[in-house]
Visitor: 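Here it is, the structure, as structure tokens.
Sequential numbering from 1 along the given sequence is applied to the chain's residues. Note that the coordinates shown come from a computational prediction; the quantities given were computed from them, not determined experimentally.
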Amino acid sequence: MDVKIYKAFIASPSDTSKERILCDKIFEEINSGLGDIYKFRIESLKWEKDVKPTIKDKDGQSIIFDQIGDNFEIFIGIMNKKFGSPTPRAGSGTEEEFNEAFRRFKEKDNLEIIFYFNEEPPQSMSEICASELLKIEEFRKKIQSKGLFDL
């Protein structure tokens, strides 16, 4: 019997490694329960495992887009205390990935977009950078009007 594979692109800055790992654990639980019953699987797409290192005359974010493309049905965005590194086209890679996913959603409506903001208090004051938190809050306001995030 055929099993439908749903790819979930996980977009997030570098301070969300625990959350990214947790996504895979949740997918495993879903796959071994509902996935077995309804014959589907959810698999993650992450730059660290699905993008091969390469040297091109392009920025890193463009290389990620070239290799992953539109090969996913679910977009999961996550932010914690860092907004992320800027790209030539956006304030961070995560913001650019969201912008591209939302553009695709508006054009084709063939994508589920989910966004989470980790509200866990910092472990130490060194985790706090006011400028990063301001960028996150501005981004949160931007997508809040679209109804696309959860705490």
Visitor: Could Asp66 and Lys58 be called an ion pair, given the rule that one side-chain N must be under 4.0 Å from one carboxylate O?
Guide: yes
Visitor: Atom CZ of Arg103 and atom CG of Leu111: how far apart are they, to the nearest 0.5 Å?
Guide: 10.5 Å
Visitor: So, Ser92 side chain and Pro86 main chain: donor-acceptor pair closer than 3.5 Å or not?
Guide: no
Visitor: What's the separation between atom NZ in Lys135 and atom CD in Glu138, rounded to the nearest 0.5 Å?
Guide: 9.0 Å
Visitor: Considering residues at least two apart in sequence or located in another chain, which fulfil the ring-ring contact (aromatic ring centres under 6.0 Å, His included) criterion with Phe72?
Guide: Phe9
Visitor: What verdict does the side chain to side chain contact (heavy atoms under 4.5 Å, CB included) test give for Ile114 and Ile74, after you've listed the backbone C-alpha separation in whole Å, the side-chain angles of each residue and the deciding distance to 0.1 Å?
Guide: CA-CA 8 Å; Ile114 306 163; Ile74 305 165; 4.2 Å; yes
Visitor: Which pair of heavy atoms, one from Asp50 and one from Leu45, lies closest together, and at what distance?
Guide: OD2-CA, 3.1 Å
Visitor: For Tyr116 and Glu19, run side chain to side chain contact (heavy atoms under 4.5 Å, CB included): C-alpha distance rounded to whole Å, both residues' side-chain angles, the deciding distance at 0.1 Å, then the answer.
Guide: CA-CA 10 Å; Tyr116 296 95; Glu19 291 88 345; over 6 Å; no
Visitor: Nearest 0.5 Å please: distance from the CD atom of Glu73 over to the OH atom of Tyr6.
Guide: 7.5 Å
Visitor: So among Arg89, Glu96, Lys56, which one has a side chain to side chain donor-acceptor pair (under 3.5 Å) with Ser62?
Guide: Arg89
Visitor: Excluding sequence neighbours, so at least two apart, what forms salt bridge (Lys or Arg N to Asp or Glu O under 4.0 Å) with Lys18?
Guide: none
Visitor: Salt bridge check: are Glu100 and Arg104 linked by an N-O gap of less than 4.0 Å?
Guide: no
Visitor: Check the pair Gln67 / Lys52 against side chain to side chain contact (heavy atoms under 4.5 Å, CB included), numbers first and verdict last.
Guide: CA-CA 8 Å; Gln67 292 186 30; Lys52 69 181 185 301; 3.5 Å; yes
Visitor: Between Lys142 and Asn99, what is the shortest heavy-atom contact and its length?
Guide: NZ-OD1, 2.8 Å
Visitor: Might you confirm whether atom CD of Glu112 has over 12 heavy atoms from other residues, nucleotides or ligands at distances under 6.0 Å?
Guide: no
Visitor: Report the residues that fulfil side-chain hydrogen bond (donor to acceptor under 3.5 Å, both in side chains) with Lys7, sequence neighbours left out, ordered by chain and then residue number.
Guide: Glu43
Visitor: Should the pair Arg140 and Phe117 be classed as cation-pi, given the thresholds of under 6.0 Å to the six-membered ring centre and 45° from the axis?
Guide: yes
Visitor: State the CD1-CH2 distance between Ile68 and Trp47, to the nearest 0.5 angstrom.
Guide: 10.5 Å
Visitor: Calculate, to the nearest 0.5 Å, the distance between atoms OG1 and CD belonging to Thr87 and Glu95 respectively.
Guide: 8.0 Å
Visitor: If you take all heavy atoms of Ser12 and Thr94, which pair is closest and at what distance?
Guide: C-OG1, 3.2 Å
Visitor: Group every Ile, Leu, Val, Met, Phe, Trp and Tyr by side-chain heavy-atom contacts under 4.5 Å, then state whether Phe40 and Ile10 land in the same group.
Guide: yes
Visitor: Check the pair Ile76 / Ile78 against side chain to side chain contact (heavy atoms under 4.5 Å, CB included), numbers first and verdict last.
Guide: CA-CA 7 Å; Ile76 300 173; Ile78 305 167; 4.1 Å; yes
Visitor: Within a reach of under 6.0 Å around NZ of Lys106, are more than 12 heavy atoms found that belong to other residues, nucleotides or ligands?
Guide: no
Visitor: Side chains of Asn80 and Glu120: donor-acceptor distance under 3.5 Å anywhere?
Guide: no
Visitor: Establish whether Ile26 and Ile42 are linked, either directly or via other cluster members, by ILVMFWY side-chain heavy-atom contacts under 4.5 Å.
Guide: yes
Visitor: Looking at every heavy atom in both Pro13 and Thr16, which two are closest together, and how far apart are they?
Guide: O-OG1, 2.7 Å
Visitor: Using atom types as modelled and distance alone, determine if a side-chain donor or acceptor of Asn118 lies under 3.5 Å from a backbone N or O of Met79.
Guide: no
Visitor: I'd like to know whether the aromatic ring centres of Phe139 and Phe115 sit less than 6.0 Å apart in this structure.
Guide: yes
Visitor: Which value, rounded to the nearest 0.5 Å, describes the distance between Ile21 atom CD1 and Ser44 atom OG?
Guide: 11.0 Å
Visitor: Please say yes or no: joined through hydrophobic side-chain contacts below 4.5 Å, possibly via intermediate residues, are Phe65 and Ile63 part of one cluster?
Guide: no
Visitor: Could you pull out the closest heavy-atom pair between Phe27 and Ala8, with the gap in Å?
Guide: CZ-CB, 3.7 Å
Visitor: Tell me whether Glu48 is salt-bridged to Arg20, with the criterion being a basic N under 4.0 Å from an acidic carboxylate O.
Guide: yes
Visitor: Kindly give the heavy-atom pair with the smallest separation between Ser14 and Lys82, and that separation in Å.
Guide: OG-NZ, 3.7 Å
